[in-house]
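The structure displayed is predicted, hence computed values, not measured ones. Chain A is the first sequence line, chain B the second, and so forth, proteins listed ahead of strands; every chain is numbered from 1.
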Protein chains: 2
Amino acid sequence: MNTKLLIIDIATTLFQQKGYLGVGLNEILKACNISKGSLYHHFPKGKEELLIACLQSMNEEVTTDIEEIFKQYQTTQEATQAMIGKLVEDFEREDTIAGYTFSSIVSEMASLSEPVRNACSLLYTKIQGIYSNKLVAEGFSKETANSIALMITASIEGGLMLCLTQKSSNPLKIISHVLPNLFKE
Amino acid sequence: MNTKLLIIDIATTLFQQKGYLGVGLNEILKACNISKGSLYHHFPKGKEELLIACLQSMNEEVTTDIEEIFKQYQTTQEATQAMIGKLVEDFEREDTIAGYTFSSIVSEMASLSEPVRNACSLLYTKIQGIYSNKLVAEGFSKETANSIALMITASIEGGLMLCLTQKSSNPLKIISHVLPNLFKE
DNA sequence: TCCTCCATACCAACCAGTCTGTTTTGTAGT
DNA sequence: ACTACAAAACAGACTGGTTGGTATGGAGGA
């Protein structure tokens, strides 16, 4: 069972960094130091099954990660900014995207594979739910909270894209600064 | 010269829909009804050269497109909403993304090819410039205008991503509705 | 003896890119 | 206006490498 988790762990990172099509099976095998037989033992349906497992794994990790941050701070504003701050740190340290995003996977696979599209959809929904709940707890109407939560998700996702193209964490920083202006009924 | 433009035209659409790695040369050739020799005659350096040509072509098309919309409407708010409205229409009609975005290409290629990353960066910068200029003309300070322009770009980019995963134009609609709340000094 | 787990050899399909040869086209000479 | 010729444009076969996926067999514990 350990091997399976190892595969998921490493493959998740690779998929996030290079996208689904950008990572070959052999690359994954080498990174994990396992053989093809082992991989296909744990994921008989192959690469796509592995991807979905990775997405589910990300789902749990990202969710608990964000939830923890959101428990630590009282207001959504503080929590959001702390969260983006963490993203900025990660980006500046590793110079690549390692969390909270799967745009590459979405844009590659959304039109190709329904199961993958669905897994991504679940992930976004869950994250938005965290934002939304906190906003409702602060007194926002459910509808407004959902709208703002969507804006947070979208702008972070797009912001990461801009950071990638500009090789700079500036876009996320600006977003972190501007976003709170939306937190009004 | 006609063939070259044809190739760029068709390849641009394919790249937008499926990403760089998602489109094979043979697929492009078939879609254009041309031969490999012809393609490599116009793009001696191969696929990546073609991609960059496509990005430049998108640059011009998208830029003039947005500029026209922004001339038609007096306020940035109206213009932005009209622009997003057009995106929504496109998405609902074709059920795929056809303009104003190249996230798939960015996320796939940003870390792999400097020239491509640069072409993408130019594109984003140019689009943001249009937003920013209009905002400055409305009286915003340059810094605020840049921040808001960045937020527009990021949220639209992320919004398209959400539309793709949810197979719905709702995210963009909500963004169009919420975005104007940012238009304050 | 099974069954889980892993390793390896192998496969057809496809990839981007090269090479050679043919057609088309523009141009200069008479 | 007709020919001659070179360059541009195109066609298609071919290559080496890689892709995801399969089939077979072995090691080790229950």
Side-chain angles (χ1 to χ4, degrees), chain A residues 1-55 57 104-105 107-117 119, chain B residues 1-55 57 104-105 107-117 119:
Chain A
M1 198 55 184
N2 214 328
T3 309
K4 189 168 185 177
L5 292 179
L6 173 79
I7 298 175
I8 292 180
D9 232 53
I10 293 185
T12 300
T13 312
L14 288 173
F15 283 146
Q16 275 184 318
Q17 288 173 348
K18 309 196 186 185
Y20 180 68
L21 299 170
V23 184
L25 280 190
N26 293 323
E27 190 179 350
I28 298 176
L29 299 180
K30 215 167 72 183
C32 297
N33 252 320
I34 58 165
S35 69
K36 201 160 256 186
S38 178
L39 196 154
Y40 273 88
H41 169 74
H42 293 288
F43 304 95
K45 279 186 272 179
K47 200 183 177 187
E48 187 168 324
E49 184 184 358
L50 170 59
L51 173 64
I52 293 179
C54 288
L55 286 171
S57 155
S104 47
I105 295 161
S107 47
E108 278 175 355
M109 300 294 293
S111 56
L112 292 177
S113 160
E114 266 298 305
V116 172
R117 191 192 59 76
Chain B
M1 197 60 183
N2 214 328
T3 310
K4 188 168 185 176
L5 292 180
L6 173 80
I7 298 175
I8 293 179
D9 232 54
I10 293 184
T12 299
T13 311
L14 288 174
F15 283 145
Q16 275 184 318
Q17 289 173 348
K18 308 194 185 184
Y20 181 68
L21 300 169
V23 183
L25 281 190
N26 292 323
E27 188 179 351
I28 298 176
L29 299 180
K30 217 167 71 183
C32 297
N33 250 320
I34 59 165
S35 70
K36 203 158 255 189
S38 180
L39 194 154
Y40 274 88
H41 170 73
H42 293 288
F43 303 95
K45 279 186 273 179
K47 199 184 179 187
E48 186 168 325
E49 185 184 356
L50 171 59
L51 172 64
I52 292 179
C54 290
L55 286 171
S57 155
S104 47
I105 295 162
S107 48
E108 276 175 355
M109 299 295 291
S111 56
L112 291 178
S113 160
E114 267 298 304
V116 171
R117 191 193 59 76

Mind listing the N/O atom pairs, protein and nucleotides 1-4 of chain C, below 3.5 Å?
none

### Task
Only counting residues at least two apart or in another chain, list the ones meeting side chain to side chain donor-acceptor pair (under 3.5 Å) with K47(B).
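Counting only residues at least two positions away or on another chain, K47(B) forms no side chain to side chain donor-acceptor pair (under 3.5 Å).
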### Query
Partners of E48(B) by side chain to side chain donor-acceptor pair (under 3.5 Å), sequence neighbours excluded?
S113(B)
### Summary
Of the listed dC6(C), dA9(D), dG12(D), the closest approach to the S38(A) side chain comes from dC6(C)
### Given dA11(D), dG20(D), dA16(C), the nucleotide with the shortest approach to the side chain of Y40(B)
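The answer is dA16(C), which lies nearest to the side chain.
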### Query
In residues 21-33 of chain A, what residues come within less than 4.0 Å of DNA chain C, judged by heavy atoms?
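Heavy-atom cutoff 4.0 Å gives no residues at all.
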### Task
Report the residue (G37(A) or K36(B)) whose heavy-atom-nearest nucleotide on DNA chain D is the more 5′ of the two.
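Nearest-nucleotide comparison on DNA chain D picks K36(B).
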So do the side chains of [X] and [Y] get within less than 4.5 Å of each other, counting heavy atoms only?
X: S111(B); Y: K18(A); value: no
X: F15(B); Y: I28(B); value: yes
X: F43(B); Y: I52(B); value: no

### Query
Do you know which of I8(B), D9(B), I10(B) makes side-chain contact (heavy atoms from CB on, under 4.5 Å) with L6(B)?
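So, applying the side-chain contact (heavy atoms from CB on, under 4.5 Å) to L6(B) and each of I8(B), D9(B), I10(B), only I10(B) qualifies.
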Once rounded to the nearest 0.5 Å, what's the spacing between atom [atom1] of [X] and atom [atom2] of [Y]?
X: L14(B); Y: L50(B); atom1: CG; atom2: CG; answer: 9.5 Å
X: E27(A); Y: C32(A); atom1: CD; atom2: SG; answer: 10.5 Å
X: L39(B); Y: I34(B); atom1: CG; atom2: CD1; answer: 4.5 Å
X: Q16(B); Y: C54(B); atom1: CD; atom2: SG; answer: 9.0 Å

### Query
Rounding to a whole Å, what distance do you find between L39(B):CG and dC19(C):P?
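L39(B) atom CG is separated from dC19(C) atom P by 17 Å.
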### Query
Over how many whole Å does the gap from I34(B) atom CD1 to dT24(C) atom C1' extend?
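It works out to 16 Å between those atoms.
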### Message
If you go through the side-chain atoms of K47(A), does one of them form a donor-acceptor pair with the base of dG21(D) closer than 3.5 Å?
### Response
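No pair found.
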### Message
Using five base pairs at each end to define the local axes, how bent is the helix from dT1(C)-dA30(D) to dT30(C)-dA1(D), to the nearest 10°?
### Response
0°
### Query
Is the shortest side-chain N/O distance from T3(B) to OP1 or OP2 of dA9(D) below 4.0 Å?
no
### Query
Counting just side-chain N and O atoms, does H42(B) come under 4.0 Å of either OP1 or OP2 of dA8(D)?
no
#### Entry: All salt bridge (Lys or Arg N to Asp or Glu O under 4.0 Å) counterparts of E114(B), not counting sequence neighbours
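For E114(B), the residues satisfying salt bridge (Lys or Arg N to Asp or Glu O under 4.0 Å) (neighbours in sequence not counted) are K167(A), R117(B).
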